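Order of the sequence lines sets the chain letters (A, B, ...), proteins ahead of strands, with each chain counted from 1. Computed from a predicted model, the values in this text were never measured in an experiment.
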Amino acid sequence: MRYWWVNQNQTYEAELNGGYIWSPKRNKNGVRNQFYENMREVSPGDLVFSFRRRKIPAVGVASSYCYEAPKPDEFGTAGQNWEKVGWRVDVAYTEMSEPITPKAHIDVIRPLLPGKYSPLQQNGDGLQSVYLAAISRELADLLQQLLEGAGNPRVDTDNISQLDRSDLVHEELERQIEDQIDQSIEIESTEKQQLVKSRRGQGLFRLNVQEYEKACRISGVCDTRFLIASHIKPWRSSTNVERLDGENGLFLSPNIDSLFDRGFISFDDNGNLLVSPVLDTQVMSQLGVPAVQSLNVGRFTSGQMKYLAHHRREVFLESGRQS
DNA sequence: GACGGCGCTAA
DNA sequence: TTAGCGCCGTC
């Protein structure tokens with residue numbers, strides 16, 4: 001399990017009440033930001049320390065992995081220059097009745113601050129450019145001691161709640177897109193039907209995928225009755241052309257589709273399997289992904305590679321990967 | 001007056 | 001890529 005520190009000044013109320021943390025995927029100028037990339041490495045059960053107005057007013061336990069979600073409406077003007085779609089992790093917060101001020105304990109905290117991507121300055125002040133920062137177990141232990149010493153209840157990872165809204169959020173997002181397709185006057189009704197069917201991997205999209213893929217790349221199952229035509233670049237993020245493009249698809253066994261769809265696995269351009277560090281290796285092998293050092297699933301077309309690059313950049317749950 | 005989920009920019 | 005510095009709105 002891992003430990004995180006989140007600087008939430010303007011959005012604290014919204015994120016506390018909503019039970020989540022949210023970030024855009026990129027800086028305003030489109031550049032990768034490590035504090036946003038860190039969202040992709042959170043696992044259920046991880047501990048999250050809230051930081052607001054120089055204090056720690058709440059401690060949370062993550063209850064989901066990272067998933068794509070729209071910018072919360074309740075942010076209002078706070079996040080005006082952030083993108084409309086970003087990363088979200090569900091978090092069960094416990095408010096501290098006696099918030100502590102890290103700066104008051106900076107002498108003991110300073111030696112435990114990370115050398116890079118630290119959430120605090122050496123003098124104990126915050127850092128404007130930080131959102132979600134990784135901290136060590138040692139620092140997390142210290143913060144918990146300080147919080148308990150001040151009279152707060154201890155928050156532990158086994159306070160984990162089962163609340164994971166990722167399916168609901170994605171369902172709502174995709175339902176809105178279906179409505180847009182349905183109301184569009186430029187699209188013919190037969191194409192509308194195909195676009196909606198493609199969301200479930202059915203219809204024309206499935207036929208188009210069959211031109212490129214014959215079996216599940218990992219399980220080897222080739223009876224298409226048991227395979228899901230899975231979008232590489234997610235349906236919700238695709239253009240209408242991409243939603244029906246056969247090169248934007250793989251035939252996958254249901255278990256493998258579920259792992260690929262949620263970003264637990266991906267592929268590089270040479271066909272090597274990539275496994276997210278957030279995924280438990282035992283679960284992975286139980287779900288049918290062989291626990292070998294490297295697995296090559298064969299060549300991809302240049303079209304497939306284009307979509308795979310998107311999958312690695314926007315779906316795969318690993319921070320810091322350049323591709 | 002203090003400070004930060006910034007925006008630039010230097011190296 | 002990372003950290004430092006200056007801006008300025010908000011608490």
Task: Consecutive Watson-Crick or G-U pairs in runs of at least 3, all under 3.5 Å, in which DNA chain B is involved - done: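 So far as stems of 3 or more pairs are concerned, DNA chain B shows B:1-4 with C:8-11, B:6-11 with C:1-6.
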
Tell me, which of [range] have any heavy atom that sits under 4.0 Å from an atom in DNA chain B?
| range | answer |
| --- | --- |
| residues 5-18 of chain A | Asn7(A), Gln8(A), Asn9(A), Gln10(A), Thr11(A), Glu15(A) |
| residues 97-113 of chain A | none |
| residues 130-137 of chain A | Val130(A), Tyr131(A) |

Between [X] ([atom1]) and [N] ([atom2]), how many Å, whole number?
| X | N | atom1 | atom2 | value |
| --- | --- | --- | --- | --- |
| Asn27(A) | dG7(B) | CG | C1' | 9 Å |
| Asp125(A) | dG1(B) | CG | C1' | 13 Å |
| Glu37(A) | dT1(C) | CD | P | 11 Å |
| Arg52(A) | dC3(B) | CZ | P | 16 Å |
| Leu127(A) | dC3(B) | CG | P | 12 Å |
| Tyr20(A) | dG5(B) | OH | C1' | 13 Å |
| Asn123(A) | dG4(B) | CG | C1' | 13 Å |
| Leu120(A) | dC3(B) | CG | P | 12 Å |

Task: Ring-base stacking, Trp82(A) with dG5(B) (5.5 Å, 30° cut-offs) - done: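 Aromatic stack with dG5(B) present for Trp82(A).
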
TODO: Cation-pi check, Arg243(A) to Trp235(A): give yes when NZ or CZ is under 6.0 Å from the six-membered ring centre and within 45° of the ring axis, no otherwise.
DONE: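 Because its charged atom sits under 6.0 Å from the ring centre and within 45° of the axis, Arg243(A) does stack over Trp235(A).
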
TODO: Could you note down all residue pairs passing salt bridge (charged side-chain N to carboxylate O under 4.0 Å, His left out) where residues 102-128 of chain A supplies at least one of them, sequence neighbours left out?
DONE: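 Matches after skipping sequence neighbours: Arg54(A)-Asp125(A), Lys103(A)-Asp125(A), Asp107(A)-Arg110(A).
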
Open item on the list: On a heavy-atom basis, which atom in Tyr36(A) and which in Tyr131(A) lie closest, and how many Å separate them?
Closed with: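 Looks like CE2-CB, 3.9 Å.
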
With a cut-off of 6.0 Å (strictly less than), are more than 12 heavy atoms of other residues, nucleotides or ligands near [atom1] of [X]?
| X | atom1 | value |
| --- | --- | --- |
| Lys197(A) | NZ | no |
| Asn296(A) | CG | yes |
| Arg262(A) | CZ | no |

Would the distance check show the side chain of [X] and the main-chain N or O of [Y] forming a donor-acceptor pair, the cut-off being under 3.5 Å?
| X | Y | answer |
| --- | --- | --- |
| Ser64(A) | Asp164(A) | no |
| Thr157(A) | Gly45(A) | yes |
| Tyr67(A) | Asp167(A) | no |

- [ ] Give the ring-plane orientation class for Phe300(A) versus Phe267(A), where under 30° counts as parallel, over 60° as perpendicular and anything between as tilted.
- [x]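 Phe300(A) vs Phe267(A) ring planes: tilted.
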
- [ ] Fit a plane to each ring of Trp5(A) and Phe51(A), take the angle between them on a 0 to 90° scale, and name the class: parallel (under 30°), tilted (30 to 60°) or perpendicular (over 60°).
- [x]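 The arrangement is tilted - the two ring planes meet at 30° to 60°.
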
Open item on the list: Centre-to-centre under 6.0 Å for Trp4(A) and Phe49(A), is that the case here?
Closed with: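 Judged by ring-centre distance (under 6.0 Å), Trp4(A) and Phe49(A) do not meet the cut-off.
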
Open item on the list: Would you say the ring centers of Tyr307(A) and His231(A) fall short of 6.0 Å from each other?
Closed with: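 Not close enough - the centres of the two rings lie 6.0 Å or further apart.
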
Can you name the atoms? Protein N/O to nucleotides 4-11 of chain C N/O, anything below 3.5 Å, with the distance.
{"from": "dC11(C)", "atom 1": "O3'", "to": "Arg53(A)", "atom 2": "NE", "distance (Å)": "3.3"}

Task: Test: Lys25(A) and Glu37(A) ion pair at under 4.0 Å - done: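 No, no charged N to carboxylate O under 4.0 Å.
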
Task: Nearest-nucleotide comparison on DNA chain B, the residue closer to the 5′ end among Lys28(A) and Gln121(A) - done: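 Its nearest nucleotide being more 5', the pick is Gln121(A).
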
Open item on the list: As a test of understanding, state which of Glu171(A), Glu314(A), Glu68(A), Glu178(A) forms a salt bridge (Lys or Arg N to Asp or Glu O under 4.0 Å) with Arg236(A).
Closed with: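 Between Arg236(A) and the candidates, salt bridge (Lys or Arg N to Asp or Glu O under 4.0 Å) is satisfied uniquely by Glu68(A).
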
Open item on the list: Given Gln304(A), which partner from the list Asn248(A), Leu250(A), Asp245(A) fulfils the side chain to side chain contact (heavy atoms under 4.5 Å, CB included) test?
Closed with: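 Output: one option passes, namely Leu250(A).
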
